[in-house]
Colleague: 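Dumping the structure here so I can ask a few things about it.
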2 protein chains.
Amino acid sequence: MFGRLNHVGVATPSIVKSREHYTRLFGAACVGEAFDLPEQGVRVCFVDTGNTQLELIEPLNDASPVAGFLARNPAGGQHHLCFEVTDLNAAITDLTATGARVLGTPRIGAHGTRIVFLHPRDMGGVLVELMETPDGGH
Amino acid sequence: MFGRLNHVGVATPSIVKSREHYTRLFGAACVGEAFDLPEQGVRVCFVDTGNTQLELIEPLNDASPVAGFLARNPAGGQHHLCFEVTDLNAAITDLTATGARVLGTPRIGAHGTRIVFLHPRDMGGVLVELMETPDGGH
């Protein structure tokens with residue numbers, strides 16, 4: 001079963017400008033530093049909303065999947081929803097049994113635990129990321 | 001300043017099918033009953049993720065703003081992000097001063113408190129709903 005919403009992924013053409021935007025909206029204390037995830041082809045930054053986070057995502061190159069999203073949505077926008085699961089392998093087994101398509105194989109995500117993406121066509125049009133619960137809890 | 005993420009709005013062509021989908025993912029106890037918001041032209045249903053909610057939204061008629069979204073995204077998908085603010089009037093004053101456009105005037109939302117939407121072009125491509133914090137807290 002899916003658990004808490006770990007974060008909402010928000011694509012942006014400029015993480016620098018987005019950090020300024022969210023600093024105005026939430027205050028500087030809620031906006032983290034940006035860092036690269038080269039193996040995923042993105043630069044990210046987390047914004048803390050108190051109960052969950054926004055993950056700002058800027059592509060590092062044109063090969064990044066987020067680059068395609070920005071080609072269709074140049075201003076940026078909501079990219080994915082990430083839910084926590086306690087056992088990623090069990091979740092993949094259960095979802096695959098219902099016909100849901102897993103995109104690729106699990107890899108280490110921005111929070112240091114294993115993640116995987118699910119095809120939006122099997123998730124009501126929503127690109128879903130599953131993340132093994134960080135730190136054994138929240 | 002913006003506060004917690006009250007919910008993620010997810011448009012769907014069939015709230016009945018989406019309730020079945022999210023019941024499989026989160027369990028029946030997390031999926032509320034659907035109800036109409038005729039003044040907004042939508043039927044909605046909340047899914048509890050523990051720390052926040054998803055608001056499933058099906059248009060009641062072709063005049064609903066969500067009908068246009070579904071015309072562009074027939075499978076449904078992420079529609080808006082709703083953040084809580086303690087004082088909606090103050091938030092509108094502050095945002096308007098920065099040039100952000102407020103869509104229409106405040107009205108009563110699904111949680112019984114005043115809401116307003118902000119233009120996605122001023123919010124990094126994200127359609128943002130602001131909601132006066134329900135019940136004086138969370």
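Just so it is clear: chains get the letters A, B, ... in the order the sequence lines come, proteins before strands, and each one is counted from 1.
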Colleague: Would you check if the side chain of A/Asn51 reaches a backbone N or O of B/Thr52 as a donor-acceptor pair within less than 3.5 Å?
Modeller: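 The answer is no, because no donor-acceptor pair under 3.5 Å joins these two groups.
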Colleague: Same hydrophobic cluster for B/Met131 and B/Val47, using side-chain heavy-atom links shorter than 4.5 Å among ILVMFWY?
Modeller: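 No, it is not one cluster - the side chains of B/Met131 and B/Val47 are not joined through contacts under 4.5 Å.
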Colleague: Indicate the atoms forming the closest heavy-atom contact of A/Arg24 with B/Met1, along with that distance.
Modeller: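 Minimum heavy-atom separation between A/Arg24 and B/Met1: O-SD, 3.6 Å.
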Colleague: Identify whether A/Ile57 and A/Phe35 are in the same connected component of the hydrophobic contact network (ILVMFWY, side-chain heavy atoms under 4.5 Å).
Modeller: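 Same hydrophobic cluster.
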Colleague: Does B/Arg121 have more than 12 heavy atoms from other residues, nucleotides or ligands lying within 6.0 Å of its CZ?
Modeller: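 Open: at most 12 neighbouring heavy atoms sit under 6.0 Å from CZ of B/Arg121.
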Colleague: Check whether more than 12 heavy atoms from other residues, nucleotides or ligands sit under 6.0 Å from atom CG of A/Asn61, and answer yes or no.
Modeller: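 Yes.
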Colleague: Start with the C-alpha gap between A/Leu25 and B/Leu95, add the side-chain angles, then the distance that decides, and say whether side chain to side chain contact (heavy atoms under 4.5 Å, CB included) holds.
Modeller: CA-CA 9 Å; A/Leu25 299 183; B/Leu95 288 160; 3.8 Å; yes
Colleague: Is there side-chain contact between B/Thr49 and A/Phe2, with heavy atoms separated by less than 4.5 Å?
Modeller: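 No, their side chains stay 4.5 Å or more apart.
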Colleague: If hydrophobic clusters are built from ILVMFWY residues whose side chains come within less than 4.5 Å, do A/Leu130 and A/Leu54 share one?
Modeller: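 Yes, one cluster joins them.
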Colleague: Between B/Ser18, B/Ala91, B/Gly3, which has the largest tally of heavy atom pairs under 4.5 Å with chain A?
Modeller: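 The residue among B/Ser18, B/Ala91, B/Gly3 with the greatest pair count is B/Gly3.
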Colleague: Name the member of A/Val8, A/Asp94, A/Leu127, A/Thr98 that forms the most heavy-atom pairs with chain B at distances under 4.5 Å.
Modeller: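 With the most close heavy-atom pairs to chain B, the winner is A/Val8.
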Colleague: Taking every non-hydrogen pair under 4.5 Å, which of B/Ala100, B/Ala11, B/Gly50, B/Gly76 racks up the most with chain A?
Modeller: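 Ranked by heavy-atom pairs under 4.5 Å with chain A, first place is B/Gly76.
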Colleague: Please report the interatomic distance CZ(B/Phe26) to CZ(A/Arg4), rounded to the nearest 0.5 Å.
Modeller: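 B/Phe26 CZ to A/Arg4 CZ: 11.5 Å, rounded to 0.5 Å.
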Colleague: Grouping I, L, V, M, F, W and Y whenever their side-chain heavy atoms are under 4.5 Å apart, do B/Phe69 and A/Met123 come out in a common cluster?
Modeller: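 No.
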Colleague: Return the minimal non-hydrogen interatomic distance between A/Gln78 and B/His79, and the atom names on each side.
Modeller: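 Heavy atoms of A/Gln78 and B/His79 come nearest at NE2-C, 3.6 Å.
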Colleague: Would you kindly confirm whether A/Val128 and A/Leu5 end up in one hydrophobic cluster when ILVMFWY residues are joined by side chain heavy atoms under 4.5 Å apart?
Modeller: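 Hydrophobic grouping puts A/Val128 with A/Leu5.
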Colleague: Which bit of A/Leu81 is near chain B, if near means a heavy-atom gap under 4.5 Å: side chain, backbone, both or neither?
Modeller: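 Contact with chain B is through both the backbone and side chain of A/Leu81.
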Colleague: Determine the minimum heavy-atom distance between A/Asp122 and B/His21, stating which atoms define it.
Modeller: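 Closest heavy-atom pair between A/Asp122 and B/His21: O-CE1, 3.5 Å.
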